[in-house]
2 protein chains.
Amino acid sequence: MDPFSNAHRPLYEIKANLFKGVAHPVRVRVLEVLSRSPDVSVGDLMTDTGLEASHISQHLSVLRRHHLVVAERRGSQVFYRLAYPQVADLLTVSRVLLMEILETTQQQLESTMNLSDLESPVPAPQLDGARP
Amino acid sequence: MDPFSNAHRPLYEIKANLFKGVAHPVRVRVLEVLSRSPDVSVGDLMTDTGLEASHISQHLSVLRRHHLVVAERRGSQVFYRLAYPQVADLLTVSRVLLMEILETTQQQLESTMNLSDLESPVPAPQLDGARP
DNA sequence: TCTTGACTTGCTCAATTCATCCATTCGCTT
DNA sequence: AAGCGAATGGATGAATTGAGCAAGTCAAGA
């Protein structure tokens, strides 16, 4: 309601909202494309990802609302770029963390395999937090 | 189903899943507490956040599934800590980005205020991506 | 062993998010 | 000014997620 109320929210709520903005495969893909090359048109993103126009547009609108990207119209096309270079940092750090997780999880998986002949099967570790 | 299928998913899906794991105010709070002080019991988190036991436990379970925290039982209590130091990095980078966003948005807000007597009111910028 | 404190899990319903389809707007060209 | 390509904005049903309780597990002490 009140446009100022946002600023009065606790920081951890706003922060959680930021993560929500990135928490979708399509949006991650888009941000990664924009991290590599600025000035990408929606058409480029469509061919890059093979997704339908309105589908991408929806997600671009989410990213705009979260102030993660900015759009600029040039002629009949709309070009997008990251709103801040720190957005790319966020992606980078998450990739580093993810690699760490995948690595150790892989090791746990291997040691589980070595025991599998001796003991009853242990539930394999989840790699991405999805429910079974 | 197949325990290996996770590893075969495209990386951007797993990454989006990682962000989903953090994308909740309570979980952000918990991770921030754990970033500052390791070895925090669930009871500590309850008093820290003022939330109900089962509520916190649900979110801790999500964080565990996403490999962001690990639990260790000592006697009758359960202690949690970050699974990787890089989790704290993720929080740090997001805070930096958030500050950047809030700062520029605040500036835009101020220049909007200066024009408000001359022009028709411009919709105030959203600070956190929430819909009106 | 019965209880008590410390957590966790299961369940149900409300709220949010997502994918798809359709209508609309904006520039450009003819 | 009519049509076309590019992109955005609903609107709807399906699928996820979250909150609030109730019930269950686990270890230590009486």
Side-chain angles (χ1 to χ4, degrees), chain A residues 12-13 16-30 33-34 39-66 68-81 123 126 128-132, chain B residues 9-10 12-14 16-31 33-34 39-66 68-81 123 126 128-132:
Chain A
Y12 54 79
E13 251 187 53
N17 230 319
L18 178 68
F19 284 119
K20 265 173 125 176
V22 199
H24 189 286
V26 171
R27 299 201 286 272
V28 169
R29 270 182 107 173
V30 168
V33 169
L34 295 181
D39 270 12
V40 176
S41 74
V42 179
D44 293 340
L45 289 171
M46 278 175 60
T47 56
D48 259 33
T49 62
L51 294 172
E52 179 196 358
S54 76
H55 196 183
I56 293 217
S57 197
Q58 289 284 3
H59 288 292
L60 286 173
S61 143
V62 173
L63 291 174
R64 261 184 282 125
R65 271 210 311 276
H66 286 265
L68 294 170
V69 302
V70 290
E72 181 193 356
R73 171 151 228 146
R74 258 181 257 152
S76 68
Q77 283 169 302
V78 178
F79 291 83
Y80 280 85
R81 56 185 167 82
Q126 292 291 325
D128 62 359
R131 292 188 184 78
Chain B
R9 287 200 194 158
Y12 54 81
E13 251 188 54
I14 308 183
N17 230 320
L18 178 67
F19 284 117
K20 266 175 123 175
V22 197
H24 190 287
V26 172
R27 298 202 285 273
V28 168
R29 271 182 106 173
V30 168
L31 290 180
V33 169
L34 295 180
D39 269 11
V40 176
S41 73
V42 178
D44 292 340
L45 289 170
M46 279 177 58
T47 56
D48 258 34
T49 62
L51 295 172
E52 177 197 358
S54 77
H55 196 182
I56 293 218
S57 198
Q58 288 281 7
H59 288 291
L60 286 173
S61 141
V62 172
L63 291 175
R64 262 184 282 125
R65 273 212 308 278
H66 286 265
L68 295 170
V69 303
V70 289
E72 180 193 356
R73 174 152 226 144
R74 260 181 257 153
S76 68
Q77 282 170 302
V78 177
F79 291 84
Y80 279 83
R81 56 185 169 80
Q126 292 291 325
D128 62 359
R131 291 187 185 78

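These values consider heavy atoms only, across backbone and side chains, with no hydrogens, waters or symmetry-generated copies. A, B, ... follow the sequence lines: proteins, then strands. Residue 1 opens every chain.
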*Backbone N or O of Leu68(A) within a donor-acceptor pair of the His66(A) side chain at under 3.5 Å?*
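Side chain of His66(A) to backbone of Leu68(A): no pair is present.
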*Does Arg27(B) use its side chain to pair, donor to acceptor, with the backbone of Lys20(B) at less than 3.5 Å?*
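Side chain of Arg27(B) to backbone of Lys20(B), a donor-acceptor pair under 3.5 Å: yes, one is there.
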*asked:* Val40(A) and side chain to side chain contact (heavy atoms under 4.5 Å, CB included): which single residue from Val78(A), Leu45(A), Val69(A), Asp48(A) fits?
replied: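 Only one option passes, and that is Leu45(A).
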Expressed in angstrom and rounded to an integer, what is the separation of [X] atom [atom1] from [N] atom [atom2]?
{"X": "His55(A)", "N": "dG10(D)", "atom1": "NE2", "atom2": "P", "result": "18 Å"}
{"X": "Ile56(B)", "N": "dT8(C)", "atom1": "CD1", "atom2": "C1'", "result": "13 Å"}
{"X": "Phe19(B)", "N": "dT17(C)", "atom1": "CZ", "atom2": "P", "result": "17 Å"}
{"X": "Arg74(B)", "N": "dA28(D)", "atom1": "CZ", "atom2": "C1'", "result": "16 Å"}
{"X": "His24(A)", "N": "dT16(C)", "atom1": "NE2", "atom2": "C1'", "result": "13 Å"}
{"X": "Arg65(B)", "N": "dT17(D)", "atom1": "CZ", "atom2": "C1'", "result": "11 Å"}
{"X": "Gln58(A)", "N": "dA23(C)", "atom1": "CD", "atom2": "C1'", "result": "13 Å"}
{"X": "Glu72(B)", "N": "dC26(D)", "atom1": "CD", "atom2": "C1'", "result": "16 Å"}

Closest to the [X] side chain, choosing from [options]:
{"X": "Ser54(A)", "options": "dG27(C), dA19(C), dG9(D)", "answer": "dG9(D)"}
{"X": "Gln77(B)", "options": "dA6(C), dT16(C), dA7(D)", "answer": "dA6(C)"}
{"X": "Ala53(B)", "options": "dT8(C), dT8(D), dC26(C)", "answer": "dT8(C)"}
{"X": "Arg73(B)", "options": "dA27(D), dC11(C), dA19(D)", "answer": "dA27(D)"}
{"X": "Ser76(B)", "options": "dA19(C), dA6(C), dT8(C)", "answer": "dA6(C)"}
{"X": "Ser41(A)", "options": "dC11(C), dA6(D), dA7(D)", "answer": "dA7(D)"}

Is any side-chain N or O of [X] closer than 4.0 Å to OP1 or OP2 of [N]?
{"X": "Tyr80(A)", "N": "dT8(D)", "result": "yes"}
{"X": "His59(A)", "N": "dC18(C)", "result": "no"}
{"X": "Lys20(B)", "N": "dT16(D)", "result": "no"}

*Has Arg64(B) got more than 12 heavy atoms of other residues, nucleotides or ligands less than 6.0 Å from its CZ?*
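Check passes, neighbour count above 12.
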*Which distance, rounded to the nearest 0.5 Å, do you find between the CD of Glu72(A) and the OG of Ser41(A)?*
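Output value for this atom pair is 12.5 Å.
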*Which part of the nucleic acid, if any, lies within contact of Arg64(B), taking any heavy atom under 4.0 Å across all strands shown: a base, the sugar-phosphate backbone alone, or nothing?*
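Arg64(B): backbone/sugar contact only, no base atoms under 4.0 Å.
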*More 5' along DNA chain D: Arg27(B) or Phe79(A), using each one's nearest nucleotide?*
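Upstream on the strand: Phe79(A).
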